[in-house]
Amino acid sequence: MTILHWFRDDLRLGDNPALNHASQLAKTAYVYILEEEASSLGGAAQVWLHHSLSALNQQLQGNLLLYKGKASDILPELMETLNAERLTMTRRYHLAGVKTDAEITETLSGLGKSASVISGNLLWEPEEIAKQDGTPYKVFTPFYRRGCLNAQPPRLPLPAPELDHAAIGVNNALPLEELGLLDGSHWQTEITNDWEISEQGGHSRLEAFSNASGSDGINDYVDGRNFPAKTNVSRLSPYLRFGQISAHQAWHEAGKNKRPDDRQLDIFRSELGWREFSYSLLHFNPDMKTDPLQTRFASFGWAENPEHLKKWQRGQTGYPIVDAAMRELYQTGYMHNRVRMIVGSFLVKNLLLHWHHGEAWFWDCLFDADRANNSAGWQWIAGCGADAAPYFRVFNPVTQGQKFDPDGRYTRAYVPELQDMPNKYLFNPWDAPKDVLARARVQLGKSYPFPIVDLKASRQRALDAFADLPKSKI
DNA sequence: CGGGACTTGGA
DNA sequence: CCAAGTCCC
């Protein structure tokens with residue numbers, strides 16, 4: 001007997017309950033399908049996926065079968081060819097995926113075969129965390145503190161199984177190149193040098209974070225994670241996105257050198273909690289990518305300004321911390337969390353552009369672009385999310401820059417035209433006296449743009465617009 | 001320079 | 001009461 005494991009966002013052998021289940025029962029075959037669906041992968045994520053599949057195939061000694069198309073067309077035939085009786089897969093939470101999985105299960109059952117959807121990518125399943133009245137939480141803090149932390153603690157990670165590869169007499173599988181994941185994007189060149197894109201790479205990253213010395217990594221996570229020039233954030237997001245490490249591995253590994261009540265560990269784990277919260281929101285609000293969770297936002301008067309949008313995307317807004325972050329994103333496929341909030345607030349509040357624009361750009365540019373986290377994050381910063389993010393919370397890119405990049409190391413790295421600006425005016429060069437600008441060889445409007453909007457006026461415009469929202473959430 | 005104002009869900 | 005913030009006095 002043969003079992004087919006269908007890899008999706010669980011591209012790992014360790015701590016993979018569905019794969020373990022398969023391997024305990026029979027010889028195992030493996031497939032990845034590049035599914036064609038409405039919300040296809042962004043450019044950066046495609047590059048990540050390409051390298052991930054290459055690495056996974058090596059781990060599987062070349063036994064990973066690759067296809068492109070509709071899973072419901074491909075799988076029944078493939079299982080017939082392999083003489084596989086059962087399909088295993090790790091549970092997923094976005095509507096298109098959930099529907100596909102239900103459809104496949106139904107089809108296979110009609111063919112006398114079976115399918116098992118097994119949980120493995122979340123610490124707590126959405127159904128496990130509910131308020132007293134049984135309805136899902138809408139605010140992070142009670143979700144995490146009352147809900148998650150009082151529920152069953154996350155189990156220990158499972159070891160990678162002993163795999164017994166099934167013989168694969170299949171000749172219609174595609175070579176990796178033919179998935180077309182590297183076609184026509186600038187992400188594939190030098191940017192992948194910064195990352196070891198594999199399960200092993202995820203573990204190295206997690207190890208470096210958990211086992212850091214001095215005030216690196218988790219040791220100063222609480223404060224250090226807010227400073228984009230510091231090395232305190234875990235940078236695990238792309239690995240979590242594609243399942244190269246599991247949340248359980250991150251949860252437990254991070255705690256191996258810490259007391260269980262260490263505040264650094266608590267806060268790191270609460271960030272994993274944000275991921276759980278996003279997935280819970282996605283599960284209970286399948287249209288979260290497009291529809292505001294607060295329906296009173298449905299007819300909000302967003303501005304239309306393609307010119308502003310383009311300048312935001314390219315890091316040409318004239319606000320150095322915003323521009324640094326947007327350039328980091330485009331150049332590297334990654335953006336530090338603190339500055340994600342700053343650029344998000346700037347787009348949605350100061351430019352008053354629809355959060356969909358931000359969601360789409362991040363989706364295309366981030367290695368870690370994740371259906372749940374990306375939508376939830378943008379709704380949160382726009383104030384239309386479930387969390388009670390107050391509409392008056394407008395980040396000030398000058399203050400935020402001065403506070404979180406005090407020596408300008410991060411900003412100068414991505415905005416080299418301000419290399420010689422003194423810290424005092426780095427985040428507001430338009431305030432600098434003429435002689436300071438001259439000494440720094442900065443010509444506003446030429447070597448670096450003037451601000452595309454006035455901070456005070458645009459903030460007030462946003463506050464007025466948001467104050468005009470209907471009170472009712474129905 | 002510190003406190004209070006701005007909002008809203010949840011215990 | 002508390003929450004990834006800012007402004008004004």
Side-chain angles (χ1 to χ4, degrees), chain A residues 129-151 221-228 230 232-234 237 263 266-278 280-281 284-285 292-297 300 319 321-322 325 335-350 355 358 362 373-374 376-405 427-428 453-474:
Chain A
I129 308 296
K131 292 183 289 181
Q132 296 286 336
D133 67 0
T135 61
Y137 284 98
K138 295 177 177 175
V139 174
F140 172 72
T141 307
F143 167 86
Y144 185 65
R145 292 203 188 141
R146 309 277 163 183
C148 298
L149 293 184
N150 287 323
Y221 187 73
V222 175
D223 296 319
R225 75 197 166 104
N226 282 313
F227 295 81
K230 292 190 179 183
N232 292 99
V233 292
S234 71
S237 51
R263 207 170 120 67
D266 282 351
I267 299 296
F268 174 69
R269 286 179 169 172
S270 80
E271 296 300 321
L272 294 173
W274 275 98
R275 176 175 176 274
E276 301 289 313
F277 185 52
S278 299
S280 169
L281 290 176
F284 290 111
N285 305 277
L293 296 175
Q294 295 184 35
T295 50
R296 67 201 179 110
F297 273 81
F300 185 81
Y319 288 96
I321 191 76
V322 174
M335 193 195 291
H336 185 280
N337 183 56
R338 162 58 50 182
V339 289
R340 291 189 197 200
M341 293 188 273
I342 300 174
V343 302
S345 168
F346 188 80
L347 181 79
V348 166
K349 305 282 172 78
N350 297 101
W355 60 273
F362 272 31
N373 290 333
N374 197 38
W378 276 98
Q379 294 224 21
W380 180 87
I381 199 68
C384 62
D387 208 21
Y391 73 80
F392 49 81
R393 181 188 286 159
V394 181
F395 287 67
N396 180 324
V398 178
T399 334
Q400 288 274 319
Q402 291 166 339
K403 195 167 164 191
F404 295 115
D405 190 28
F427 300 101
N428 53 336
V453 286
D454 177 74
L455 223 44
K456 204 170 171 179
S458 61
R459 176 177 190 270
Q460 195 53 52
R461 177 177 69 152
L463 290 178
D464 294 345
F466 279 73
D468 270 353
L469 279 164
K471 286 280 175 220
S472 151
K473 292 199 165 183
I474 306 154

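The model shown is predicted, which means the values in this text are computed figures rather than measured ones. Naming: A, B, ... by sequence-line order, numbering from 1 per chain. Every heavy atom of this structure was used, including side-chain atoms; hydrogens, water molecules and symmetry mates were not.
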Next item on the list: Write down the distance between CD1 (A:Ile342) and C1' (C:dA4), rounded to a whole number of angstrom.
Entry: 10 Å
Check: A:Gln400 near the nucleic acid: base, sugar-phosphate alone, or nothing, with a heavy-atom cut-off under 4.0 Å?
Finding: sugar-phosphate
Notebook entry, point to check: How many Å lie between CZ on A:Phe297 and C1' on B:dT7, as a whole number?
Noted result: 11 Å
Next item on the list: Search all heavy atoms of A:Asn350 against all heavy atoms of A:Arg459 and return the closest pair with its distance.
Entry: ND2-N, 4.0 Å
Item checked: Cation-aromatic face contact A:Lys349/A:Phe466, 6.0 Å, 45 degrees -> yes
Check: Between B:dA11, C:dT6, C:dA4, which nucleotide has the shortest distance from any of its atoms to the side chain of A:Trp380?
Finding: C:dA4
Check: B:dA5: syn or anti, with syn meaning chi within 90° of zero?
Finding: anti
Check: What is the distance from CD of A:Gln294 to C1' of B:dT8, rounded to the nearest Å?
Finding: 9 Å
Next item on the list: Just compare B:dG10, C:dA4, C:dC7 and give me whichever is closest to any side-chain atom of A:Asn396.
Entry: C:dC7
Item checked: Minimum-distance nucleotide to A:Pro142 side chain [options: B:dG10, C:dG5, C:dA4] -> B:dG10
Next item on the list: Anything below 3.5 Å on both distances counts as a pair; with that, list the stems of at least three consecutive Watson-Crick or G-U pairs involving DNA chain C.
Entry: B:2-6 with C:5-9, B:8-10 with C:1-3
Next item on the list: Ignoring backbone atoms, test whether A:Tyr137 places a side-chain nitrogen or oxygen under 4.0 Å from the OP1 or OP2 oxygen of B:dA11.
Entry: yes
Next item on the list: Tell me which nucleotide among C:dA4, B:dG10, C:dC7 gets nearest to the side chain of A:Val139.
Entry: B:dG10
Next item on the list: Figure out the CE/P separation between A:Met341 and C:dT6, and round it to whole Å.
Entry: 10 Å
Margin query: Under a 3.5 Å cutoff, is there a donor and acceptor pairing between the side chains of A:Gln460 and A:Asp464?
Written below: yes
Margin query: Show the nearest heavy-atom pair for residues A:Asn373 and A:Trp274, with the distance to one decimal.
Written below: OD1-O, 4.4 Å
Check: So A:Phe140 and A:Tyr144, would you call those rings parallel, tilted or perpendicular, with 30° and 60° as cut-offs?
Finding: parallel
Next item on the list: State which residues pass ring-ring contact (aromatic ring centres under 6.0 Å, His included) with A:Phe404; sequence neighbours excluded, sorted by chain then number.
Entry: A:Phe227
Checklist line | Whole angstrom value for the distance that separates P of C:dA4 from NZ of A:Lys349 | finding: 15 Å
Item checked: Distance, P atom - from B:dC1 to C:dA4, rounded to whole angstrom -> 25 Å
Notebook entry, point to check: Phosphate oxygens OP1/OP2 of C:dC7: is one of them under 4.0 Å from a side-chain N or O of A:Gln460?
Noted result: no
Notebook entry, point to check: Can you tell me if CZ on A:Arg461 sees more than 12 non-hydrogen neighbours from other groups inside 6.0 Å?
Noted result: yes
Check: Are any of A:Lys138's side-chain N or O atoms less than 4.0 Å away from OP1 or OP2 of B:dG9?
Finding: no
Item checked: Rounded distance in Å - CZ (A:Phe277) to P (B:dG10) -> 9 Å
Notebook entry, point to check: A:His336 has an atom NE2; how far is it from atom P of C:dA4, in whole Å?
Noted result: 16 Å
Next item on the list: Return the value, rounded to whole Å, for the distance between atom CZ of A:Phe466 and atom P of C:dT6.
Entry: 16 Å
Next item on the list: Report yes if a side-chain nitrogen or oxygen of A:Asn226 is closer than 4.0 Å to either non-bridging phosphate oxygen (OP1 or OP2) of C:dA4; otherwise report no.
Entry: no
Item checked: Any donor-acceptor pair under 3.5 Å from A:Gln379 side chain to A:Leu293 backbone -> yes
Margin query: Closest approach to the side chain of A:Arg296, judged atom by atom: which nucleotide of B:dT8, C:dC7, C:dG5 is it?
Written below: B:dT8
